[in-house]
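Structure first, commentary second.
Computed over heavy atoms, backbone and side chain alike; hydrogens, waters and symmetry mates excluded. We're numbering straight along the sequence, starting at 1.
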Amino acid sequence: VLRHLELANALEASKTAEPDMLALHYRRARRPEKATPYAILAGDRALEALAFDRAAELFAYALETSSGDRAKERALRIKLADALKNAGRGAEAAKEYSAAADGAPADEGLDLRRRAAERLLMSGYMDDGRLALRDVLRSVGITLLERRWKVLLSLLFWRLVIAIRLRKLPVRTIVPASTDALARLNLFWSATVGLTMTDFVQGAEFQARHLALALQVGDRHHIARGLALNAGYAGVDTKNRAKVDQAYQLAAGMADEIGDTYLVGLSRFGLAAIECLSGQWTRCLEVCQEAETAFAKCSGVAWELASL
């Protein structure tokens, strides 16, 4: 213990040591008050280097030795959850998001519970994920529809709303959504990506809700997201390729105009679905590679990459 302390002090005095080394030696010297700040700094650097598992390890240690300040502990736990999410460890991330939601302010708590539900669903924990999603939806006055005919009726209704609102495109100004609208947009998006692969119809219903609301409030980033998945869903109509291509061009055009790499990847994701449903396997593979190239420049896209 003493030697680790001496080494840590010498390294600190040199002002050239890496923070993870300082965290390690102060930890082994049983000086958590010194080790914790360095562990957090090292974790932040690991995130920047896309070393998500290492970042999670460092944040977890810092959390174990935190001072007891609830706000700082919550912020640290969110960092841990984000690192776990980016590392593709969704179930573990969901646990940390849920823990961070306890005692958080109402709006932040709602978003953290949404993120927990999303991670569970996208990690394949469908029963737990649906329960968590149902709870979050209920807290904003929305019911998770269970009967198939109700889901289909709602889907048809929102598709009609979308058709009407699409006539007002293009939206060329960025309109900040209200806090309530943004919370609902994020919630509908989480439900969409969480349910699409296992319950196509219910995923489509939430996608329609999401796009309809995005068009209503004029949030261009959410509109671009919604249009990208809308193109993929349109691909189901294999007999009307002209209509499907129009849906894709609308999505790709807005993604390219905004210039967001994730949105570009997502629009290609939608096109890959179209080509797959059309039986164009070679073209589908090419588009999947284009989407993969775009997503490789993003973080937190383990689900998108796994779905290609």
Which heavy atom of [X] sits nearest to which heavy atom of [Y], and what is that distance?
X	Y	result
Thr192	Gly203	CG2-O, 3.8 Å
Phe59	Gly43	CZ-C, 3.4 Å
Ser123	Gly90	OG-CA, 3.1 Å
Leu308	Cys288	CD1-O, 3.8 Å
Ile40	Ala62	CG1-CB, 3.6 Å
Leu185	His210	O-CD2, 3.2 Å

Stepwise salt bridge (charged side-chain N to carboxylate O under 4.0 Å, His left out) check, Arg225 with Asp260: CA-CA 11 Å; Arg225 284 188 183 189; Asp260 183 284; over 6 Å; no
Residues forming a side chain to side chain donor-acceptor pair (under 3.5 Å) with Arg31, sequence neighbours excluded: none
Distance check, rounded to the nearest 0.5 Å: [X] atom [atom1] versus [Y] atom [atom2]?
X	Y	atom1	atom2	answer
Leu195	Met122	CG	CE	11.0 Å
Leu76	Glu64	CG	CD	10.5 Å
Arg184	Leu213	CZ	CG	8.0 Å
Leu47	Arg54	CG	CZ	12.0 Å
Glu73	Asp69	CD	CG	8.5 Å
Ser267	Met254	OG	CE	12.0 Å

Ile274 and Gln280: CA distance, side-chain angles, deciding distance, side chain to side chain contact (heavy atoms under 4.5 Å, CB included) verdict: CA-CA 9 Å; Ile274 292 170; Gln280 303 298 318; over 6 Å; no
Side chain to side chain contact (heavy atoms under 4.5 Å, CB included) between Glu275 and Thr282, worked out: CA-CA 9 Å; Glu275 301 297 359; Thr282 301; over 6 Å; no
Close side-chain approach of [X] to [Y], heavy-atom, < 4.5 Å:
X	Y	answer
Leu166	Leu227	yes
Val264	Lys297	no
Ile78	Arg115	yes
Pro105	Arg74	yes
Leu211	Arg165	no

Is there a chain of hydrophobic side chains (I, L, V, M, F, W, Y, each step under 4.5 Å between heavy atoms) that links [X] to [Y]?
X	Y	answer
Met197	Trp189	yes
Trp158	Phe206	no
Val193	Val301	yes
Leu215	Tyr248	no
Tyr262	Leu250	yes

Under 3.5 Å side-chain donor-acceptor pair for Tyr97 and Glu118: no
Donor on one side chain, acceptor on other, Arg159 and Gln207, under 3.5 Å: yes
Salt bridge (Lys or Arg N to Asp or Glu O under 4.0 Å) partners of Arg268, counting only residues at least two apart: Asp256, Glu290
Arg70/Asp102 under salt bridge (charged side-chain N to carboxylate O under 4.0 Å, His left out): CA gap, chis, key distance, verdict: CA-CA 10 Å; Arg70 293 295 298 275; Asp102 290 340; over 6 Å; no
CG (Asp127) with more than 12 external heavy atoms under 6.0 Å: no
Exceeds 12 heavy-atom contacts within 6.0 angstrom, atom CD of Gln246: no
Aromatic plane relationship, Tyr26 with Tyr38 - under 30° parallel, 30 to 60° tilted, over 60° perpendicular: parallel
Asp128/Lys95 salt bridge by N-O under 4.0 Å criterion: no
Stepwise salt bridge (charged side-chain N to carboxylate O under 4.0 Å, His left out) test for Asp111 and Arg114: CA-CA 5 Å; Asp111 189 61; Arg114 171 192 67 81; 2.9 Å; yes
Give the table of side-chain donor-acceptor pairs shorter than 3.5 Å for residues 132-143, with sequence neighbours excluded, one pair per line with atom names and distance.
residue, atom, partner, partner atom, Å
Arg134, NH2, Glu146, OE2, 2.5
Asp135, OD2, Arg113, NH1, 2.8
Ser139, OG, Val136, O, 2.5

Salt bridge (charged side-chain N to carboxylate O under 4.0 Å, His left out) evaluation trace for Asp20 with Arg45: CA-CA 9 Å; Asp20 57 342; Arg45 290 189 179 181; over 6 Å; no
Polar side-chain atom of Ser154 near backbone of Lys150 as donor-acceptor pair, under 3.5 Å: no
